[in-house]
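Report on one structure; see the data block that follows.
Note that these values count all heavy atoms, side chains included, but never hydrogens, waters or copies made by symmetry. Residues: numbered from 1 along the sequence shown.
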Amino acid sequence: MNLFLIPARGGSKGLPGKNIKPLNGKPLIIHSLDYAHEVKAENDIIHLSTDDEMIRNTAIEFGYQVPELRPAELATDQSPTEDTIRYTLQYYASQGITFKNIIVLQPTSPFREALHFNEMMLLRENTDMVVSVGISKQNPYFSLFEENKDQFLEVSKKGPYTRRQDCPPVYFYNGTIYIINVQAFNNKKHIASFDKIRKYVMADKYCIDIDTEFDFKFAELITQTASE
């Protein structure tokens, strides 16, 4: 059995109320809930984790159950998603329900296809996590720099590269889909401790993370373009 977890706290400084802001005709949070409903197996559980009554009520209006509100201490700017994962697993464990995988869908990354999840599930063997990524246009061998002890900039990673195209590719977590092995999470305590992580590369249009008004306008443009 798998758990689809959509973490959506109410407080957003970059774009207030973003999780219920309408995108292409429906609140942002509903895009992730609908996606989970589309790809889940019959016995899988969808869990919206929120501290916010408006987010909860919005989900309920669209037919989703929200059995509880997340404690306020798990919904601050400093609260890591890991704490929400741990709390949610404990919530279900207290009811005698355990999971093989937990699939985290960030509501601020709403662009996904069913094919993405299905292909990622095929990569799970012998992994701690399968994660969706984008290919970074910034590269530590070429265009990323750090200050040395004399406060002069030096390229972050040394290498014999004079063109960005020749550098090894680097990736960033795009926030769209995380498939986490629950046993690995319980054993290693933190995602940063995972050493068996497989990537699933997505095209740029699926890598949008909505955090500001500009991000939201760009997301609206993509949905409008896709519908034309």
>> Using only atom types and a distance under 3.5 Å, with no angle test, would you say the side chain of His47 pairs donor to acceptor with the backbone of Leu89?
In response: no

> CD of Gln183: more than 12 outside heavy atoms within 6.0 angstrom?
Replying inline: no

>> Salt bridge check, Lys18 against Asp215: does any charged N sit closer than 4.0 Å to a carboxylate O?
In response: no

> Side chains of Ile55 and Leu48: closer than 4.5 Å at any heavy-atom pair?
Replying inline: yes

>> Let's go through Glu113 and Tyr206 carefully: what are the C-alpha distance in whole Å and the side-chain angles of both, what is the deciding distance for side-chain hydrogen bond (donor to acceptor under 3.5 Å, both in side chains) to 0.1 Å, and is it a yes or a no?
In response: CA-CA 9 Å; Glu113 304 289 346; Tyr206 299 109; 3.3 Å; yes

> Hey, is Arg112 close enough to Asp34 for a salt bridge, meaning N to O under 4.0 Å?
Replying inline: no

> Nearest 0.5 Å, what's the CD-NZ distance between Glu220 and Lys217?
Replying inline: 5.0 Å

> Going by atom types alone, do Ser49 and Arg70 pair a side-chain donor with an acceptor below 3.5 Å?
Replying inline: yes

> For the atom pair OH (Tyr35) and CZ (Phe111), what is the distance rounded to the nearest 0.5 Å?
Replying inline: 13.5 Å

Would you be so kind as to tabulate the donor-acceptor pairs closer than 3.5 Å made by side chains of residues 195-203, with sequence neighbours excluded?
unit_1 : atom_1 : unit_2 : atom_2 : d
Asp195 : OD1    : Lys188 : NZ     : 3.0
Lys196 : NZ     : Asn126 : OD1    : 3.3
Tyr200 : OH     : Glu119 : OE1    : 2.5

> Among Ile102, Val104, Ile191, which one satisfies side chain to side chain contact (heavy atoms under 4.5 Å, CB included) with Met129?
Replying inline: Ile191

>> Looking only at the side chains, is there a donor atom on one of Asn2 and Asn101 sitting less than 3.5 Å from an acceptor on the other?
In response: yes

> Is it true that Ile29 and Phe62 fall in one hydrophobic cluster, defined by side-chain heavy atoms closer than 4.5 Å?
Replying inline: yes

>> Quick test of your reading: applying side-chain hydrogen bond (donor to acceptor under 3.5 Å, both in side chains), list the pairs with at least one residue in residues 171-180, sequence neighbours left out, ordered by first then second residue.
In response: Ser132-Asn174, Asn174-Thr176

>> Please report the interatomic distance CG(Asp51) to CG(Leu69), rounded to the nearest 0.5 Å.
In response: 7.5 Å

>> Going by the rule ring-ring contact (aromatic ring centres under 6.0 Å, His included), which residues pair with Phe142 if we only count those two or more places apart in sequence or in a different chain?
In response: none

> Does any non-hydrogen side-chain atom of Lys158 lie less than 4.5 Å from one of Glu154?
Replying inline: yes

>> Under the criterion ring pair (Phe, Tyr, Trp, His ring centres under 6.0 Å), I'd like the reasoning laid out for Phe117 against Phe4: C-alpha separation, chi angles, the key distance, then a yes or no.
In response: CA-CA 12 Å; Phe117 174 74; Phe4 287 81; 5.5 Å; yes

